[in-house]
Amino acid sequence: MVSLALTLVMIAFVVRLLQVQAVDASEYAAKADQNRYVGRVLAAERGGITDRNGVDLAISTDANDITADPTMFTREQLKVDDGPEQAAALLAPILGADQETLTEKLRTKNTRYVLLARRQTPQVWNQISDLKTALVKKAREDKATVNALAGVFQEPSSKRVYPNGDLAAAILGWVNAEGKGGGGVEQQLNQQLAGKDGKIRYAQSGGRLVPTAGSTETPAVAGSDVELTIDRDIQWAAQNAITEQVKKSEADRGYVIVQDTRTGEILAMANSPGFDPNDLSQANPGSLHNWALEDAYEPGSTAKVMSMAAVLEENVATPGTHVTVPNRLHRGDRLFKDDINHPTWYLTLNGVLAKSSNIGTILATGELGRNQRESNEILYSYLRKFGIGSPTGLGFPGETKGILAAPGDWSTSQQYTIPFGQGVSINAMQAASVYSTIANGGVRVEPTLVRGTKGPDGRFTPAPKPGKSRVVSEKTAKTLARMLESVVDDEEGTGTKARIPGYRVAGKTGTANRVDPATGRYSGYTSSFAGFAPADNPRITVYCAIQNATKGNYFGGQICGPIYKEVMEFALKTLQVPPTGAKPANLPVAFTP
């Protein structure tokens, strides 16, 4: 009976061995490999972002992903039931993570890999490593001590850093927890910046690499570096100026754009309030936008330059044409007025622009066609050519194209308000582009923000050349530039605070009724100033707008004119643009009846 029993046991062993080693050998080998071999992603190094001079604006630095092998926290491994709890208690204060969440991750079943924290600094891993070493030493001295961190490891990664803090944050955007661009250029050009992740598969034992067991690896491909058109120093000057004025005026927000009139390149695009992309936890969600491109608002009198361009280009009038401006003007079902009460003004067309007369602008644009309907259609065609109601060409995330209804849909009041900048909505970049078009001899150049990219091989690829289109003739553009000088130089002008000693300055003020986004009704004002310099040989356009100033003056010439002056002076010096030395045109503003 004993012999029979032993024989049966041996037969069972033989059958089992045949099953394991012969019949199901491949299946068991695959399961063994699955537990023995692990794979992980090799993160590609994210490309950097620089300004036009190669100054770093966004870089990637060495970091570590903190990982763990949950099987190494079981009772079988640590001989205690609370291994995950002990490890979580030690890691939570170092990682700044929730202890219960860490415990839950360390108790995950059917896996040998969990991610505890992304993109931690080398200092964080050094703390964990030192603690692991101390626990090993203590466990040797005291057998009751458990090395609860034996199953915690690190994987090389990278962390996005913005060396200049909040400078140009609205342009740059940020990188989210998954390592993808969450806004701005980081989101727009994420594919080029991110590169291509690699993979590695290797044998491990106890969470450590077995070098003799072999491995397979697909190397990561680093992302491309992006060079922007902005100048860090000019960006700083613009951001500093608008931030101070927004605080002083207790406004909702403001923005400043600086553009090269000849190339369309954006030298600065500053928003206030801003945020620090290094620490989004402290940021106001409302500030995580590039409002210079995302805000759609009625521009007010800065839009009159387009109306004047149409009047001049259509040969309806000249700068010296007489325009009699009454205190009130009845059109449709409304009475229109200027920003101040006044006796009848006897202005030239140049004076209408210099004194920013709404009534004078209505009278001038009313002559564009044989009737009001035809005048509307002609004005609309020029607004479209200036880029109103169309994307700027930047392709920036969240950008608005503004609101410009077809002329057949203009209400009775819009027929007369659109010529002076109400009843139509734009973004700040569109407004700046209008003045750059005049400064560039009537040719509109699509604005650009990216100069090019540099691949992992070091080869620089320039960005595609921007589109160009003629809007008005060179003669009309030069005439408008001389008229815009009167706004700043003439004592009757509304932009005297934008004067720059030694330079001829062309500019225009704007103070528009503002639509409150919360109620959809007019509440407060949009204050603005736009212009270029030198007026007779333009190089730089500066546009400033402030939304809903609630303290002090709210007129565009008073609160945005000084910002224009400060930023323009800095830009002219930075780019070493000399004064032309020519005398201003001094076109007449008024006439004697």
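Note that these values count all heavy atoms, side chains included, but never hydrogens, waters or copies made by symmetry.
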Practice problem: Could you name each residue pair satisfying salt bridge (charged side-chain N to carboxylate O under 4.0 Å, His left out) that touches residues 420-443, not counting sequence neighbours? | Solution: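 For residues 420-443, and leaving out neighbouring residues, there are no salt bridge (charged side-chain N to carboxylate O under 4.0 Å, His left out) pairs at all.
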Practice task
Sorted by first residue and then second, give each salt bridge (charged side-chain N to carboxylate O under 4.0 Å, His left out) pair with at least one member in residues 479-489; sequence neighbours left out.
Solution key: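 Qualifying pairs, neighbours excluded: E485-R504.
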Got a list of side-chain donor-acceptor pairs under 3.5 Å for residues 538-545, not counting sequence neighbours?
{"residue": "T541", "atom": "OG1", "partner": "S436", "partner atom": "OG", "Å": "2.9"}
{"residue": "Y543", "atom": "OH", "partner": "Y297", "partner atom": "OH", "Å": "2.8"}

Classify the side-chain pair [X]/[Y] by whether it contains a donor and acceptor separated by less than 3.5 Å.
{"X": "S224", "Y": "Q192", "result": "no"}
{"X": "K385", "Y": "S469", "result": "no"}
{"X": "S356", "Y": "S301", "result": "yes"}
{"X": "S425", "Y": "E298", "result": "no"}
{"X": "N440", "Y": "R470", "result": "no"}

Practice problem: Quick one: which residue pairs count as a side chain to side chain donor-acceptor pair (under 3.5 Å) with a foot in residues 577-593, not counting sequence neighbours? | Solution: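 Found D536-T580.
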**Request:** Only pairs at least two apart or in different chains count here, so list each side chain to side chain donor-acceptor pair (under 3.5 Å) that has a residue in residues 490-503.
**Result:**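 Passing the test, one end in residues 490-503: K355-E492, E491-R499, T494-T509.
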List the residues meeting side-chain contact (heavy atoms from CB on, under 4.5 Å) with [X], not counting sequence neighbours, and say none if there are none.
{"X": "H322", "result": "F591"}
{"X": "E446", "result": "R444, P466"}
{"X": "N190", "result": "R46, K180, A194"}
{"X": "K468", "result": "V443, V445"}

N-O pairing of E569 and K565 below 4.0 Å: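 So E569 does not pair with K565 through a salt bridge.
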Tell me which donor-acceptor pairs under 3.5 Å the side chains of residues 242-253 have, and how far apart each pair is, sequence neighbours excluded?
{"residue": "T243", "atom": "OG1", "partner": "Q239", "partner atom": "O", "Å": "2.7"}
{"residue": "Q245", "atom": "NE2", "partner": "S249", "partner atom": "OG", "Å": "2.7"}
{"residue": "S249", "atom": "OG", "partner": "Q245", "partner atom": "O", "Å": "3.1"}
{"residue": "D252", "atom": "OD1", "partner": "N548", "partner atom": "ND2", "Å": "3.4"}
{"residue": "D252", "atom": "OD2", "partner": "R514", "partner atom": "NH2", "Å": "3.1"}
{"residue": "D252", "atom": "OD2", "partner": "N548", "partner atom": "ND2", "Å": "3.4"}
{"residue": "R253", "atom": "NE", "partner": "D295", "partner atom": "OD2", "Å": "2.8"}
{"residue": "R253", "atom": "NH2", "partner": "D295", "partner atom": "OD1", "Å": "3.0"}
{"residue": "R253", "atom": "NH2", "partner": "D295", "partner atom": "OD2", "Å": "3.3"}

Close side-chain approach of D231 to V258, heavy-atom, < 4.5 Å =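 Side chain of D231 against side chain of V258, heavy atoms only: no contact under 4.5 Å found.
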| message | Donor-acceptor check, side chain of N278 to backbone of Y162, threshold 3.5 angstrom: yes or no? | response |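 Checked: pair present.
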For residues 347-354, dump all side-chain donor-acceptor pairs below 3.5 Å to protein atoms at least two apart in sequence or in another chain.
{"residue": "T348", "atom": "OG1", "partner": "N350", "partner atom": "N", "Å": "3.4"}
{"residue": "T348", "atom": "OG1", "partner": "G351", "partner atom": "N", "Å": "2.9"}
{"residue": "T348", "atom": "OG1", "partner": "P588", "partner atom": "O", "Å": "2.7"}
{"residue": "T348", "atom": "OG1", "partner": "V589", "partner atom": "O", "Å": "3.2"}
{"residue": "N350", "atom": "OD1", "partner": "S486", "partner atom": "OG", "Å": "3.3"}
{"residue": "N350", "atom": "ND2", "partner": "S486", "partner atom": "OG", "Å": "3.0"}
{"residue": "N350", "atom": "ND2", "partner": "L587", "partner atom": "O", "Å": "3.3"}
{"residue": "N350", "atom": "ND2", "partner": "P588", "partner atom": "O", "Å": "3.1"}

ring-ring contact (aromatic ring centres under 6.0 Å, His included): pairs with one or both residues in residues 563-582, sequence neighbours excluded =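 Counting only pairs at least two positions apart or across chains, the ring-ring contact (aromatic ring centres under 6.0 Å, His included) contacts touching residues 563-582 are F529-Y564.
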